[in-house]
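As the structure is a computational prediction, the values presented were derived from the model and not from experiment. No hydrogens, no waters, no symmetry mates; every other heavy atom, side chains included, goes into these values.
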There are 2 protein chains.
Amino acid sequence: MMELTRKGEYAIRGIVYLAGKPMDKVYLLSDIAAAVDVPPTFLAKIFQQFSKMGLVKSFRGTGGGFMLGRAPENITLLEVVEAVEGPIIPNRCVVNPLNCERSGDCNVHPVWARVQGEVRGVLEGVTLKELASERQKV
Amino acid sequence: MMELTRKGEYAIRGIVYLAGKPMDKVYLLSDIAAAVDVPPTFLAKIFQQFSKMGLVKSFRGTGGGFMLGRAPENITLLEVVEAVEGPIIPNRCVVNPLNCERSGDCNVHPVWARVQGEVRGVLEGVTLKELASERQKV
DNA sequence: CCTAAAAAGACTTTATATGTCTTTTAGGGG
DNA sequence: CCCCTAAAAGACATATAAAGTCTTTTTAGG
Ligand code: SF4
Ligand code: SF4
């Protein structure tokens with residue numbers, strides 16, 4: 001359980017790749033896709049989502065492509081994951097206790113809240129800069 | 001992402017209900033299902049899995065039913081969840097680094113290992129006894 | 001106005017989740 | 001031995017989501 005989807009995995013690969021490149025240049029989607037070994041059409045969808053969230057900037061037409069929206073040290077893995085996978089929700093009652101009529105006296109409920117907090121904490125503590133760096137830091 | 005399935009949610013409800021009852025009695029699946037508001041046929045499948053793992057004991061025929069396999073304080077939420085949802089795996093490279101040819105120099109890889117550890121840690125720290133108790137402890 | 005490249009959205013295929021149904025096996029009681 | 005009860009097993013059905021493709025449109029440069 002709790003498995004990241006392909007989409008999420010591809011998303012991370014793609015943006016980490018971008019984070020490892022000089023920031024003031026644009027890169028072709030087709031090149032990124034080839035470099036990180038992801039179907040280009042699929043990665044296109046993913047980068048469109050990134051673009052809407054401001055994680056990357058897109059440029060159309062000749063000489064167009066993508067560049068990172070912010071400095072890599074200011075983008076966390078949490079943002080990247082949530083941009084394409086949606087919020088991290090171990091159970092629907094975490095979103096809103098009203099989603100389950102049992103939430104009132106349910107002892108399991110707070111456990112999921114803790115899980116959510118821990119996961120978010122880990123992912124929030126990792127930036128694209130660290131992920132794109134040569135040597136392991138984590 | 002990381003959402004528990006219905007199956008997992010139902011599984012927890014069912015076994016927590018059982019954990020809140022006197023342990024040396026058997027309970028009808030149909031009664032448990034009604035009490036925790038889960039389709040009986042579905043809960044049957046879930047309890048069959050529990051039975052195989054020894055989390056519950058089953059008795060067939062007249063006067064049959066289910067009882068908890070061990071004392072509630074000796075069953076963790078982690079066991080329950082993994083019994084029906086499978087192991088907690090944020091990404092397939094956590095199972096085996098060989099599942100991804102990039103795992104060698106991938107900085108993301110250890111992050112998923114950390115996530116897995118944190119989640120397992122939280123769930124392992126909660127027992128059915130706590131979950132079945134009247135007052136919240138967590 | 002021609003070409004390059006992303007945006008948008010419809011579409012297809014595959015896999016997983018969420019059940020249901022039927023038949024079989026085991027156990028207890030008359 | 002027969003019958004009734006209840007779980008086990010496994011086939012079956014449906015719905016939803018994941019994964020990926022294709023076509024058309026928009027934007028920008030030269
Ligand atoms: S029963 Fe408890 S853990 Fe399950 S969805 Fe409801 S509040 Fe959450
Ligand atoms: S690229 Fe890294 S994080 Fe992704 S599956 Fe491979 S090893 Fe794991």
Subject >> For B/Arg92, side chain to side chain donor-acceptor pair (under 3.5 Å) partners two or more places apart >> reply: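 By the side chain to side chain donor-acceptor pair (under 3.5 Å) rule, B/Arg92 matches no residue at all.
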Original post:
Taking DNA chain C as the partner, which of residues 19-27 of chain B come within under 4.0 angstrom of it by heavy atom?
Top reply: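 DNA chain C contact set from residues 19-27 of chain B: none.
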State the [atom1]-[atom2] distance between [X] and [Y], to the nearest 0.5 angstrom.
{"X": "A/Thr5", "Y": "A/Glu85", "atom1": "OG1", "atom2": "CD", "answer": "3.0 Å"}
{"X": "A/Leu123", "Y": "A/Leu77", "atom1": "CG", "atom2": "CG", "answer": "5.0 Å"}
{"X": "B/Lys57", "Y": "B/Leu68", "atom1": "NZ", "atom2": "CG", "answer": "9.0 Å"}

**OP:** Please confirm whether the backbone N or O of B/Thr76 pairs with a side-chain atom of B/Glu79, one donor and one acceptor, at under 3.5 Å?
**Re:**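 Between the backbone of B/Thr76 and the side chain of B/Glu79 there is a qualifying donor-acceptor contact (under 3.5 Å).
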Subject >> Donor-acceptor contact below 3.5 Å, side chain A/Gln116 vs main chain A/Val94 >> reply: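 Answer holds: no.
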Original post:
Between A/Ile15, A/Thr127, A/Val16, A/Leu131, which is the residue that forms a side chain to side chain contact (heavy atoms under 4.5 Å, CB included) with A/Val80?
Top reply: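 Among the candidates, only A/Ile15 passes.
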**OP:** May I ask whether B/Leu28 and B/Ile32 are part of the same hydrophobic cluster, defined by side-chain heavy atoms of I, L, V, M, F, W, Y residues being less than 4.5 angstrom apart, directly or through others?
**Re:**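 No; B/Ile32 is not reachable from B/Leu28 via cluster members.
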**OP:** Summarise how protein sits on nucleotides 16-21 of chain D as a single string, 5' to 3': B when a protein heavy atom is under 4.0 Å from the base, S for sugar-phosphate-only contact, - for no contact.
**Re:** ---SSB
Original post:
Between B/Glu9 and A/Asn91, is any side-chain donor less than 3.5 angstrom from a side-chain acceptor?
Top reply: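 Short answer, yes.
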Original post:
Are side-chain heavy atoms of B/Ser51 and B/Ser58 found at a separation under 4.5 Å?
Top reply: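 Side chain of B/Ser51 against side chain of B/Ser58, heavy atoms only: contact under 4.5 Å found.
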Original post:
Quick one: how far along DNA chain C does chain B reach, first to last nucleotide 5' to 3', anything under 4.0 Å to a heavy atom?
Top reply: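 Taking any atom under 4.0 Å from a heavy atom of chain B, the span is C/dT18 to C/dG28.
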**OP:** For D/dG30, give its Watson-Crick or G-U wobble partner with both distances under 3.5 Å, or none.
**Re:**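 Across all strands, the one nucleotide that pairs with D/dG30 is C/dC1.
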Original post:
For DNA chain D, which residues in residues 46-70 of chain A have a heavy atom at a distance below 4.0 Å?
Top reply: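 The answer is A/Arg60, A/Gly61, A/Thr62.
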Original post:
Is the ring centre of A/Tyr27 less than 6.0 Å from the ring centre of A/Phe66?
Top reply: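 Distance test on ring centres: not under 6.0 Å, no.
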Original post:
With sequence neighbours excluded, what pairs up with B/Tyr17 under the ring pair (Phe, Tyr, Trp, His ring centres under 6.0 Å) test?
Top reply: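 So B/Tyr17 forms no ring pair (Phe, Tyr, Trp, His ring centres under 6.0 Å) with any residue.
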